[in-house]
Amino acid sequence: MKKLLFILTLLAMLSCKKENENPKYEWTDVSPESVTYFRDIQMLNDNVGYVAGTISNEPTDLTCTQNLTGVTCQISLDNTIPDLSCIVIDPLPSASIMYKTEDGGKSWNQVTLPFSKYKHMSFVDEHLGFVLSGDGLYKTTDGGQNWQKIMENSVIYDHTIKSNTFQKVKFTGPDNGFLYTNYFMGGSCILVSVNGDGAVKKVISNPVQIPAPISFVNGIECNPVHPEEVFILTSKNLFMSNADGDNPEQIPNTYPYEKITYTGKSWYALHAKILSKSNPEGKIWNNISTLPLSYCSILTSAGEDWICVSDKTGIYLSEDGGLKFRQMSKPGVEINEICFPSPKTGIAVGPNGRILRYSSAE
């Protein structure tokens, strides 16, 4: 009897050890490979979404020619034309990687890209999307099967074309987009609005203007309550403008928010470790809680009470509108961005080709 009891105890201990070695995480690893430094994710619904990043950062070659003509959509900050123009010649088309899922992140298929030096992406829906690369702005209307270059990623300043200028793109509608960078010529902001064909609507802010209307952009978001309005997150305060970026207006009692997100009834904003909440129009803001993190850089939501934040190491979830948070369990990997198309499905991406998936239905 004692021998049988000993054997049963030993088996129970081995079973517990096996479970501890293979814990069941809320987030599971669904990475397709281990090379890409994934930076961005955008889920358009519970099923369809895109992740993108780069493999490497090899130097870009430049070739120069006198007075280029017929170049698509050049932006001049000072109304000059180039004496000597440079265009990007990039021999490394594999340096940018994009994957698409059509089953909520269970599987991922690589999207063929005709460019390298990926910068940022912005999809309007599961078919229409824009990707900014080192050499230009590209557009797809069929979910990434085909791409068209609609704009050069360069500006003219002091008779010279500065290539590889813009770092971020945000389209708030099929014909309303923004390009911006905070690092022009070492540390200046350029913010422009463009249409769906890559034509420049307006140079909203640039270092030639003294003082520049906006000196640093943290992000841009559309206001679903009023689609003609756009939020511009800056290093000083939150601004609101129309879809073309005309006359940005500062919203009172706001901070240099890193991220804002809309839950369907309210807006939430992140500043360091402080979480703020606004009315549906996004014009009246109040701080509601201090996050359980020393510094937080990721904020997303899925429904009025479902708020998720991260410091790129841990993932924290609130199901009461941001008042209390608990840490979610996941593999011990770094993440760069999180997206929840609904409370049932979440995707997180990070370096070394990492893609994590959350599903409450499984």
Side-chain angles (χ1 to χ4, degrees), residues 37-40 52-62 64 73-78 80 82 85-90 92 95-96 115-122 130-138 151-171 177-194 198 200 202-221 230-239 241 245 248 255-260 270-272 295 297-298 312 336-337 351:
Y37 186 93
F38 286 123
R39 296 202 304 262
D40 302 313
T54 56
I55 292 178
S56 56
N57 293 305
E58 287 85 355
T60 299
D61 296 329
L62 296 179
C64 297
C73 297
Q74 293 288 355
I75 302 171
S76 178
L77 298 184
D78 54 4
T80 62
S85 302
C86 295
I87 60 174
V88 177
I89 300 297
D90 198 336
L92 299 166
S96 297
F115 52 84
S116 63
K117 299 298 183 291
Y118 168 85
K119 299 292 184 183
H120 200 215
M121 68 175 174
S122 181
F130 300 83
V131 172
L132 181 66
S133 76
D135 72 306
L137 180 63
Y138 289 79
M151 184 178 182
E152 300 291 331
N153 187 0
S154 58
V155 302
I156 303 170
Y157 178 66
D158 194 22
H159 300 283
T160 304
I161 287 186
K162 309 292 184 180
S163 299
N164 197 25
T165 297
F166 295 103
Q167 301 294 318
K168 298 284 187 177
V169 57
K170 176 65 177 184
F171 269 78
F178 296 85
L179 300 176
Y180 60 97
T181 181
N182 296 313
Y183 306 106
F184 181 69
M185 298 181 65
S188 299
C189 174
I190 300 175
L191 172 63
V192 304
S193 59
V194 297
V200 179
K202 181 181 180 65
V203 179
I204 302 166
S205 186
N206 72 82
V208 177
Q209 299 168 277
I210 301 176
I214 294 175
S215 59
F216 195 98
V217 178
N218 288 329
I220 296 175
E221 293 293 340
V230 171
F231 291 108
I232 304 175
L233 290 68
T234 78
S235 60
K236 294 182 179 180
N237 298 94
L238 184 64
F239 287 77
S241 76
Y255 297 91
Y257 298 132
E258 287 91 2
K259 295 286 182 70
I260 63 173
L270 180 65
H271 171 53
Y295 183 81
S297 59
I298 298 173
K312 295 193 175 184
N336 291 327
E337 195 57 85

field: Any residue meeting ring pair (Phe, Tyr, Trp, His ring centres under 6.0 Å) with F231, in chain and number order, not counting sequence neighbours
entry: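 Expected list: W267.
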message: Holding to ring pair (Phe, Tyr, Trp, His ring centres under 6.0 Å), I want the full list of residues that pass it with H120, two or more places apart in sequence or in another chain.
response: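 For H120, no residue satisfies ring pair (Phe, Tyr, Trp, His ring centres under 6.0 Å) once neighbours in sequence are set aside.
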Can you confirm whether [X] sits close enough to [Y] that some side-chain heavy atom of one is under 4.5 Å from a side-chain heavy atom of the other?
X: V155; Y: V203; result: no
X: P213; Y: I204; result: no
X: V169; Y: L137; result: yes
X: V217; Y: C189; result: yes
X: V194; Y: M151; result: yes
X: V192; Y: Y180; result: no
X: L77; Y: I190; result: yes

- prompt: Which pairs count as side-chain hydrogen bond (donor to acceptor under 3.5 Å, both in side chains) when at least one residue sits in residues 205-217, sequence neighbours excluded?
  reply: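 Every side-chain hydrogen bond (donor to acceptor under 3.5 Å, both in side chains) pair that includes a residue of residues 205-217, provided the two are not neighbours, is N206-Q209.
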field: Pairs touching residues 181-193 that satisfy side-chain hydrogen bond (donor to acceptor under 3.5 Å, both in side chains), sequence neighbours left out
entry: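 Matches after skipping sequence neighbours: none remain.
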Taking side chain to side chain contact (heavy atoms under 4.5 Å, CB included) as the definition, give me every residue that meets it alongside [X], ordered by chain and number, with sequence neighbours left out.
X: T80; result: S76, D78, I156, H159
X: N336; result: Y37, K312, E334, P351
X: S133; result: F115, D135, Y138

- prompt: Once the angle between the rings of H271 and Y255 is folded into 0 to 90°, is it parallel (under 30°), tilted (30 to 60°) or perpendicular (over 60°)?
  reply: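 Because their plane-to-plane angle is under 30°, the rings of H271 and Y255 count as parallel.
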task: Under the side chain to side chain donor-acceptor pair (under 3.5 Å) rule, collect the residues that match up with Y118, sequence neighbours excluded.
output: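 Side chain to side chain donor-acceptor pair (under 3.5 Å) check on Y118 returns D40.
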query: Residues in side chain to side chain donor-acceptor pair (under 3.5 Å) with N237, at least two apart?
result: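 For N237, the residues satisfying side chain to side chain donor-acceptor pair (under 3.5 Å) (neighbours in sequence not counted) are Q250.
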- request: Could you go through the side chain to side chain contact (heavy atoms under 4.5 Å, CB included) check for I232 and L238 one step at a time?
  value: CA-CA 6 Å; I232 304 175; L238 184 64; over 6 Å; no
Distance-minimising heavy-atom pair for [X] and [Y]:
X: S154; Y: T165; result: CA-OG1, 3.7 Å
X: P256; Y: N218; result: O-ND2, 3.9 Å
X: K119; Y: F166; result: CG-O, 4.1 Å

- request: Return each pair, listed once, that meets salt bridge (Lys or Arg N to Asp or Glu O under 4.0 Å) where at least one residue sits in residues 160-170; pairs must be two or more places apart or across chains.
  value: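 Pairs touching residues 160-170 that pass the test: K170-E221.
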task: Would you mind listing every salt bridge (Lys or Arg N to Asp or Glu O under 4.0 Å) that reaches into residues 178-190, with sequence neighbours excluded?
output: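 Applying salt bridge (Lys or Arg N to Asp or Glu O under 4.0 Å) to every pair that reaches into residues 178-190, excluding sequence neighbours, yields nothing.
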message: Once salt bridge (charged side-chain N to carboxylate O under 4.0 Å, His left out) is applied, do any residues pair with E337, and if so which ones, sequence neighbours excluded?
response: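 In terms of salt bridge (charged side-chain N to carboxylate O under 4.0 Å, His left out), with neighbours along the sequence ignored, E337 is linked to K259.
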field: Given T234, L270, L233, the one that forms side chain to side chain contact (heavy atoms under 4.5 Å, CB included) with Y257
entry: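 Going through the options one by one, the only one that passes is L233.
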